[in-house]
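Every heavy atom of this structure was used, including side-chain atoms; hydrogens, water molecules and symmetry mates were not. Sequence positions, counted from 1, serve as the residue numbers for this chain.
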Amino acid sequence: MRRITRASDDLQREIRRLLHVNELDFHAMEHLISEGRLTPGELARRLGISAALASVVVDRLEGVGHAERTRDAADRRRVVVEPAAESVREAMAHLLPMIRETDAAFASLSPEEQRGVVRFLEATLASMERQLAELHETPVPQRRATSDD
């Protein structure tokens, strides 16, 4: 699992490099690509950042051509952020070879093996989600001043 996590981190870093975005902007792109369009406020909530910072993120994504702000057709007062179609294609071009390979590897397993993999991954995800919820509820401890402070 540690190797998979590291490889995933490395893969994301290389895709960010190729897309000319930092980590936060990359995560914003992930949300936009999966949802299609979000308001800046929705994007801020998903990223766990302030509305002001979300606006900066959208500005950067617009600046490199990965997103654009538009008015909502149903409510012209409402601004939505949409991923640029070319950026979605570019990001998917980097991810599809890996997706196809992992799909093929999974398909090569027997139904019993597939069920075992799914059970393991679901249990791993449930454990991670429980730990995340626990950490989210844990207050940040005060740091004691050191003699160097």
Side-chain angles (χ1 to χ4, degrees), residues 1-109 113-143:
M1 285 300 294
R2 206 172 278 144
R3 285 178 55 202
I4 289 172
T5 301
R6 257 190 244 118
S8 177
D9 290 346
D10 292 344
L11 181 65
Q12 281 189 16
R13 185 178 51 255
E14 288 304 308
I15 292 172
R16 290 192 316 261
R17 181 182 65 82
L18 294 169
L19 296 175
H20 303 280
V21 295
N22 64 35
E23 186 173 2
L24 180 59
D25 296 1
F26 180 77
H27 290 302
M29 284 182 66
E30 287 179 312
H31 287 289
L32 292 171
I33 289 170
S34 69
E35 296 300 321
R37 59 190 289 175
L38 294 167
T39 67
E42 290 167 335
L43 188 57
R45 280 188 292 285
R46 288 168 189 255
L47 294 170
I49 61 176
S50 69
L53 182 53
S55 183
V56 171
V57 167
V58 173
D59 287 344
R60 286 193 303 249
L61 290 175
E62 280 187 308
V64 291
H66 290 311
E68 57 187 282
R69 286 180 177 95
T70 59
R71 295 278 175 196
D72 189 320
D75 181 352
R76 301 293 298 160
R77 297 169 297 173
R78 185 174 156 189
V79 173
V80 293
V81 182
E82 299 182 74
E86 181 56 34
S87 290
V88 173
R89 281 191 291 278
E90 186 179 356
M92 293 311 294
H94 298 305
L95 291 170
L96 279 175
M98 180 202 57
I99 291 169
R100 287 186 183 114
E101 285 181 35
T102 55
D103 284 351
F106 188 76
S108 74
L109 300 174
E113 290 170 321
Q114 288 179 355
R115 285 190 295 276
V117 168
V118 168
R119 277 193 312 274
F120 170 75
L121 291 174
E122 286 175 343
T124 301
L125 180 60
S127 175
M128 292 172 82
E129 288 172 338
R130 279 190 300 276
Q131 182 64 24
L132 178 61
E134 183 179 314
L135 290 173
H136 184 72
E137 296 301 317
T138 303
V140 176
Q142 294 292 325
R143 295 283 181 205

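When side chains are defined from C-beta on, Ile15 does not count as touching Val21, because their heavy atoms never get closer than 4.5 Å. Between Glu35 and Leu43, the closest side-chain pair of non-hydrogen atoms is not below 4.5 Å. Side-chain contact between Met29 and Leu61 is present, with at least one heavy-atom pair separated by less than 4.5 Å.
Partners of Leu109 according to the side chain to side chain contact (heavy atoms under 4.5 Å, CB included) rule, which considers only residues two or more places apart in sequence or in another chain, are Phe106, Glu113, Gln114, Val117. In terms of the salt bridge (charged side-chain N to carboxylate O under 4.0 Å, His left out) criterion, residue partners of Arg89 (sequence neighbours excluded) are, by chain and number, Glu86. Annotation: side-chain hydrogen bond (donor to acceptor under 3.5 Å, both in side chains) contacts of Arg6 (sequence neighbours excluded): none. By the salt bridge (charged side-chain N to carboxylate O under 4.0 Å, His left out) test, Arg76 pairs with no residue at all, sequence neighbours left out.
To the nearest 0.5 Å, the span separating CG on Leu96 from CD on Glu101 amounts to 11.5 Å. Atom CG in Leu38 sits 9.0 Å away from atom CG in Leu47 (nearest 0.5 Å). To the nearest 0.5 Å, atom CZ of residue Arg45 and atom OG of residue Ser50 are 12.5 Å apart. For the atom pair CG (Leu95) and OG1 (Thr102), the distance works out to 10.0 Å, reported to the nearest 0.5 Å.
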Worked check of side-chain contact (heavy atoms from CB on, under 4.5 Å) between Thr39 and Val81: CA-CA 6 Å; Thr39 67; Val81 182; over 6 Å; no
Stepwise side-chain contact (heavy atoms from CB on, under 4.5 Å) test for Leu19 and Val64: CA-CA 9 Å; Leu19 296 175; Val64 291; over 6 Å; no
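Within the structure, side chain to side chain donor-acceptor pair (under 3.5 Å) contacts touching residues 54-66 (residues at least two apart or in different chains) are Asp25-Arg60, Ser55-Arg69, Asp59-Arg69, Glu62-Arg69, His66-Ser87. Here side chain to side chain donor-acceptor pair (under 3.5 Å) pairs that include residues 11-21, with residues two or more places apart or in two chains, are Asp10-Arg13, Glu14-Arg17.
With Thr124 contributing its side chain and Phe120 its backbone, the two residues share a donor-acceptor pair below 3.5 Å. Proximity of a side-chain donor or acceptor of Ser127 to a complementary backbone N or O of Ala123 within less than 3.5 Å is not detected. A distance-only check finds no donor-acceptor pair linking the side chain of Glu122 to the backbone of Arg119 [under 3.5 Å].
Across Pro40 and Ala54, no two heavy atoms sit closer than the pair O-CB, 3.7 Å. A pairwise comparison of heavy atoms in Leu32 and Pro83 identifies O-CG, 3.5 Å as the closest pair.
The number of heavy atoms from other shown groups lying within 6.0 Å of CE (Met98) is above 12.
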